[in-house]
Amino acid sequence: MYDVISEIRKLEEKYGEDFNWGTELKNEFFENELKKEAVLAPSSNVKAIARSYSNDDVLFVLDDKVYRIYHLTYSGGKPGYQEFMDGKAAVDYIENDFNDYR
């Protein structure tokens, strides 16, 4: 099984201090913020699993199957997001995005 958190940690090791994503985060804080900002079904199971250290992007998994990177606003606005078919696609996007801006 593909482990998104493990794969992001591998990217942290691969790219070192320059890498702008990580899995050390206060999950509950970001999960609560997303619930304030986004319209989600009340029964949605939301987990924050990684965050960007250079902007307000956070990778969430919804109902253990949908991966989305939300750009949180912290101002009551609606956050934009990108959705991915699976965790591998999300991790590939994070790595490619990082390399595009280096």
Side-chain angles (χ1 to χ4, degrees):
M1 175 171 261
Y2 190 84
D3 183 349
V4 172
I5 293 172
S6 174
E7 293 301 318
I8 291 175
R9 287 182 180 151
K10 287 178 187 175
L11 293 177
E12 288 179 277
E13 290 175 21
K14 179 178 177 180
Y15 295 111
E17 291 181 12
D18 291 338
F19 192 62
N20 62 340
W21 278 82
T23 57
E24 298 297 320
L25 68 153
K26 295 183 180 183
N27 305 58
E28 189 175 321
F29 170 80
F30 292 106
E31 292 160 6
N32 288 335
E33 185 62 31
L34 180 64
K35 290 174 185 176
K36 283 188 231 174
E37 294 184 23
V39 177
L40 301 172
S43 62
S44 288
N45 178 15
V46 176
K47 290 184 210 167
I49 54 177
R51 70 175 290 243
S52 170
Y53 300 127
S54 59
N55 62 36
D56 294 323
D57 290 351
V58 180
L59 175 60
F60 293 91
V61 61
L62 290 87
D63 299 326
D64 296 319
K65 60 184 174 186
V66 177
Y67 290 84
R68 290 183 182 168
I69 295 176
Y70 278 91
H71 182 79
L72 299 175
T73 66
Y74 303 101
S75 65
K78 294 201 188 282
Y81 68 87
Q82 282 195 267
E83 187 169 295
F84 304 93
M85 297 298 289
D86 56 32
K88 182 174 182 345
V91 171
D92 288 347
Y93 173 85
I94 288 169
E95 182 175 23
N96 291 334
D97 189 57
F98 170 73
N99 283 319
D100 286 347
Y101 291 101
R102 285 198 315 159

* **Aromatic plane relationship, F60 with Y70 - under 30° parallel, 30 to 60° tilted, over 60° perpendicular** => perpendicular

* **Transitive ILVMFWY side-chain link Y67 to L62, under 4.5 Å** => no

* Does F98 reach the side chain of L11, with side-chain heavy atoms less than 4.5 Å apart? -> no

* When hydrophobic residues are tied together by side-chain contacts of less than 4.5 Å, even through go-betweens, does L34 share a cluster with V66? -> yes

* **Euclidean distance, N45 CG relative to K65 NZ, rounded to 0.5 Å** => 11.0 Å

* Atom pair CD1 (I69) and CD1 (I94), whose distance is rounded to the nearest 0.5 Å -> 4.0 Å

* Asked: Okay, side chain of N27, backbone of A48: is any donor-acceptor separation there less than 3.5 Å?
  -> yes

* Indicate yes or no: at least one non-hydrogen side-chain atom of I8 is less than 4.5 angstrom from one of V91. => yes

* Asked: Mind checking whether Y93 and F84 have parallel, tilted or perpendicular rings, split at 30° and 60°?
  -> tilted

* Does the distance from a Lys or Arg side-chain N to an Asp or Glu carboxylate O, for R9 and E12, drop under 4.0 Å? -> no

* So how far is it from I49 CD1 to W21 CH2, rounded to the nearest 0.5 Å? -> 9.0 Å

* Hey, does F30 have a side-chain heavy atom less than 4.5 Å from the side chain of L25? -> yes

* Asked: Any salt bridge between K10 and E13, counting N to O under 4.0 Å?
  -> no

* Asked: How many angstroms lie between CG in D97 and CG in D92, if you round to the nearest 0.5 Å?
  -> 12.0 Å

* Asked: From E95 CD over to D100 CG, what is the distance, rounded to the nearest 0.5 angstrom?
  -> 10.5 Å

* Any side-chain heavy-atom pair from V46 and L40 closer than 4.5 angstrom? -> yes

* Could you give the distance from CD (E37) to NZ (K78), rounded to the nearest 0.5 Å? -> 10.0 Å

* 4.5 Å side-chain heavy-atom contact, V4 and V61 -> no

* Asked: For the residue pair L72 and P79, what are the closest heavy atoms and their distance?
  -> CA-CB, 4.2 Å

